[in-house]
Asker: 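Take a look at the following structure, please.
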Amino acid sequence: MNDNELLAELLLPDIDKTPDYYENMYPKRDLPEGAKVTRIAPSPTGYLHLGTLFTSLVNRITATTSSGIFFTRIEDTDKKREVKGGIEDIIEGLKRFGITIDEGFISGDKQYGKYGPYQQSNRAEIYQTYVKDLIKRGLAYPCFCTAEELDEVRKKQESEKIRTGYHGEFAKHRNITYSEAKALIDEGKPFVIRLRSSGSEENRITFEDTIKGKIEMPENDEDFVLLKSDGIPTYHFAHAIDDHLMHTTHVLRGDEWISSVPKHIELFKILGFKVPKYGHVSPIMKLDNGAKRKISKRKDPEAAVHFFAEQGYTAQSVIEYLMTIAASDFEDWRRANPTEDYKNFKFNLKKMSVSGALFDENKLNDVSKIKVSQMSSSEVFDSLTDWAKEFDNEFYNILTENSNFTKRMLSIDRDNSSKPRKDIAKWSEAKNYFAYFFSSLYCPDYTLPENISNEDAKAFLNNYKDIYDESDDRQAWFDKIKSLCPSLNFASETKEYKANPDMYKGSAGDLSTVLRIAITGRRNTPDLCSIMQVLGKEECIKRINNTVNSL
RNA sequence: GGCCCGGUGGUCAAGAGGCCUAAGACACCGCCCUUUCACGGCGGUAACACGAGUUCGAAUCUCGUCCGGGUCACCA
């Protein structure tokens, strides 16, 4: 055995397999030509983040449009930052948003697929096998520097304005010999395994980012850490090994990774792996005191996907909005295909924005209103009550006390309507929006429009309640309002009123407003005729009387 | 600070040297339609960061400046 082989045995004595073993174990995928294999590799350090959802969506739809595979892999190599229930929150979150998972973690504790395990903490032996091989080949070595030593070096570099990092002359253990290493290990000194980089700052590498285009950077020359002192790999190394063994074709990830690409490329090269295609997606930003910045888990409630559920945005609405950010041509497609599943959209990474989009609540609301307006009343009922059950129990009880009534309420201007209302963006708005349907929530405002006197309103209401007939259709209903116009000197036709505004006190429209105020306590509601039918004659008359008494 | 990436209306964006007097969407404003609200229709306000070059011609190519973002860990 030569020194490198001796060193490898010394450092990783328990590893008895070789890379070939794993190469054979995870053969090439049997997929049609052009199929893209993508993945999301979250670390369970918190809750599902908007950015993770966004990246997942991009990965998912890239796989879908190419008849490929989208899998999940848990990057739990940082045990210190791990959060309990983190895996579950992320996976279940993705599922709730309709991001289907072909392979990997398909629930908080279940994984599926032939390329596993899909959790890095269970792959230690695989990583170590490859590291051992690298050591034998003289491409990796142990480093015994302590955190303090490293810190000192960095400070020195900073004060001397030298590029920081473990490279060149600063790579203290780069040329460590077998016997030196053995002595240190015999002393019980902890160590990490570093790459013996053969790169140089002077050399440039270029790669074609599938989203950002051509990118040129200095080659990596840092002897970065492959294996931490606990034997677990760093992200960089795990990425190379896993995405090779799992045959990922497209690594689509947040663009904070761009600066690490030279490291990754070097790794793939020395390991003899084919470099995957990289695509770096820009972060979703937020305006903070006039400055654009990446949406932050800590500061921004909308960073956690949970926020949207709480607000009562449907999963579909959020996805739809994300799609408008992800693909500049999505909205055009949507206009041409208003009801088609977004999954049928021909997604193209090239159409992604290279700079980060500001999160736009207005746009989300608009997109969401359209989605909600396309739902049937029973879909709305289910979604709304599901939401209320979780986030507003009082409202849930009100809604479900008489489901039939609630469903009839929800179908106004909706089912069979040629022009459904675009009025609700999120369920948290619904309580106030529908308040006048429920006596416990009803809180009327009887303020009349300026051009109508209390006397006229009372006279109209008193006459109207005698002729109101629940069975009238919309035309008959309105004709009755019109029939009361002449005696009060209101124009029964809007056109007539507009032509001679001085001759009348107002129009039939104004009297309708009076009725609307009497029935709903507000001036802005859906079709009044339907509302009155849902409320029932008795309730309507009662409300009219109450109004007359309080005017 | 080094290294990357970016900069078209308030926001998202189209735009690949002449089709740009710069599209579309959201938001905002006005008008029309209308029993209210909405929907819909029509219209409006509003942008190529700045400066040099290259060119007959630049939002588009080059350079510089400025501004914004990302990254420089035994975190991902």
Side-chain angles (χ1 to χ4, degrees), chain A residues 41-45 75-78 80-81 120 143 145-147 150-151 154 157-158 161-166 190-194 201 209 212-213 215-218 222 224-230 232-236 238-239 253-262 280 282-283 285 287 291-294 321 324-325 328-329 331-332 334-335 351 353-367 369 373 413 417-423 449 474 477-479 481-482 492-495 507-517 520 522-529:
Chain A
S43 59
T45 53
E75 315 233 311
D76 56 348
T77 54
D78 187 1
K80 278 170 265 167
R81 299 198 313 156
Q120 293 180 335
C143 165
C145 289
T146 62
L150 260 15
D151 215 40
R154 207 194 59 243
Q157 290 169 325
E158 274 169 5
K161 298 206 189 308
I162 303 169
R163 192 162 49 89
T164 56
Y166 200 92
F191 62 90
V192 300
I193 306 291
R194 289 183 182 272
E201 248 268 291
D209 189 285
K212 307 225 180 212
I215 293 178
E216 191 181 328
M217 272 191 256
E222 227 180 295
F224 59 92
V225 174
L226 266 20
L227 228 47
K228 297 186 262 187
S229 55
D230 56 5
I232 289 176
T234 56
Y235 169 85
H236 303 118
H239 153 55
R253 63 229 311 187
D255 76 355
E256 67 271 20
W257 289 110
I258 283 195
S259 53
S260 310
V261 170
H280 294 274
S282 305
M285 318 278 278
L287 211 54
K292 230 176 160 184
R293 52 150 241 260
K294 192 172 159 178
Y321 170 62
T324 67
I325 300 184
S328 59
D329 51 345
E331 283 190 89
D332 285 339
R334 177 49 88 203
R335 260 189 294 283
K351 288 282 182 182
S353 169
V354 281
S355 53
L358 229 38
F359 178 76
D360 185 350
E361 197 177 342
N362 275 331
K363 189 73 181 183
L364 202 216
N365 284 149
D366 178 66
V367 161
K369 280 178 183 174
S373 76
D413 282 353
S417 170
S418 57
K419 35 184 184 178
R421 296 173 67 84
K422 281 169 52 179
D423 45 13
R474 196 166 303 172
W477 173 85
F478 186 51
D479 285 343
I481 293 175
K482 287 207 255 190
S492 52
E493 302 297 332
T494 309
K495 284 194 178 74
S507 69
D510 292 310
L511 292 181
S512 308
T513 302
V514 172
L515 220 209
R516 165 171 278 108
I517 288 171
T520 68
R522 55 176 76 176
R523 295 164 74 163
N524 175 347
T525 73
D527 178 54
L528 226 208
C529 177

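No hydrogens, no waters, no symmetry mates; every other heavy atom, side chains included, goes into these values. Since the structure is predicted, the reported quantities are computational estimates derived from the model, not experimental observations. Throughout, protein chains are lettered first and strands after them, A, B, ... in sequence-line order, and every chain is numbered starting at 1.
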Asker: Kindly write out the residues that satisfy salt bridge (Lys or Arg N to Asp or Glu O under 4.0 Å) with Glu222(A), not counting sequence neighbours, or none if the list is empty.
Answerer: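 By the salt bridge (Lys or Arg N to Asp or Glu O under 4.0 Å) rule, Glu222(A) matches no residue at all.
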
Asker: For rA13(B), does OP1 or OP2 lie under 4.0 Å from any side-chain N or O of Ser353(A)?
Answerer: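 True: Ser353(A) side-chain N/O within range (under 4.0 Å) of rA13(B) OP1/OP2.
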
Asker: Identify whether the distance between the nearest side-chain nitrogen and carboxylate oxygen of Lys369(A) and Asp366(A) falls below 4.0 Å.
Answerer: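 No, no charged N to carboxylate O under 4.0 Å.
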
Asker: Under 4.0 Å from OP1 or OP2 of rG7(B): is there any side-chain N or O of Ser355(A) that close?
Answerer: no

Asker: Please report the distance, rounded to the nearest Å, between CE in Met285(A) and C1' in rA13(B).
Answerer: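 Taking CE of Met285(A) and C1' of rA13(B), I get 16 Å after rounding.
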
Asker: In whole Å, I'd like the distance from the CZ atom of Phe359(A) to the C1' atom of rC26(B).
Answerer: 13 Å

Asker: Applying a 3.5 Å limit to both distances, which nucleotide forms a Watson-Crick or G-U wobble pair with rG43(B)?
Answerer: rC29(B)

Asker: Side chain of Ala357(A) only, heavy atoms from C-beta on: which candidate in rC12(B), rU36(B), rG40(B) is closest?
Answerer: rC12(B)

Asker: On a whole-Å scale, what distance lies between the C1' atoms belonging to rU21(B) and rC26(B)?
Answerer: 25 Å

Asker: Do you see a donor-acceptor pair shorter than 3.5 Å between the side chains of Thr525(A) and Arg516(A)?
Answerer: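 On atom types as modelled, these side chains qualify, holding a pair under 3.5 Å.
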
Asker: Summarise protein proximity over nucleotides 71-76 of chain B in one line of letters, 5' to 3': B for base, S for sugar-phosphate only, - for none, counting protein heavy atoms closer than 4.0 Å.
Answerer: SSSBBB

Asker: Flag yes if more than 12 heavy atoms outside Glu158(A) fall under 6.0 Å of its CD atom; otherwise flag no.
Answerer: yes

Asker: Looking at rU62(B), which nucleotide sits across from it as a Watson-Crick or G-U wobble partner, both distances under 3.5 angstrom, or is there none?
Answerer: rA52(B)

Asker: Expressed as a whole number of angstroms, how long is the span from Lys363(A):NZ to rG10(B):P?
Answerer: 17 Å

Asker: Applying the Watson-Crick and G-U wobble criteria at under 3.5 Å, what pairs with rA13(B)? Answer none if nothing qualifies.
Answerer: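 Its partner: none found.
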
Asker: With both distances kept under 3.5 Å, what pairs with rC74(B), Watson-Crick or G-U wobble?
Answerer: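 rC74(B) is unpaired by these criteria.
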
Asker: Do Phe224(A) and Tyr235(A) have their ring centres less than 6.0 Å from each other?
Answerer: no

Asker: Considering every strand shown, what is the Watson-Crick or G-U wobble mate of rA23(B) when both distances are under 3.5 Å?
Answerer: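 Checking every strand shown, rA23(B) finds no partner, since no pair has both distances under 3.5 Å.
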
Asker: Can you tell me how far apart CZ (Phe478(A)) and CG (Leu528(A)) are? Round to the nearest 0.5 Å.
Answerer: 11.0 Å

Asker: For atom P, what is the distance between rU65(B) and rG2(B), given to the nearest Å?
Answerer: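 Rounded to whole Å, the distance is 11 Å.
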
Asker: Under a 3.5 Å limit for both distances, which nucleotide forms a Watson-Crick or G-U wobble pair with rG68(B), could you say?
Answerer: rC5(B)

Asker: Ignoring backbone atoms, test whether Lys212(A) places a side-chain nitrogen or oxygen under 4.0 Å from the OP1 or OP2 oxygen of rG70(B).
Answerer: no

Asker: Figure out the CG/C1' separation between Leu358(A) and rG7(B), and round it to whole Å.
Answerer: 13 Å

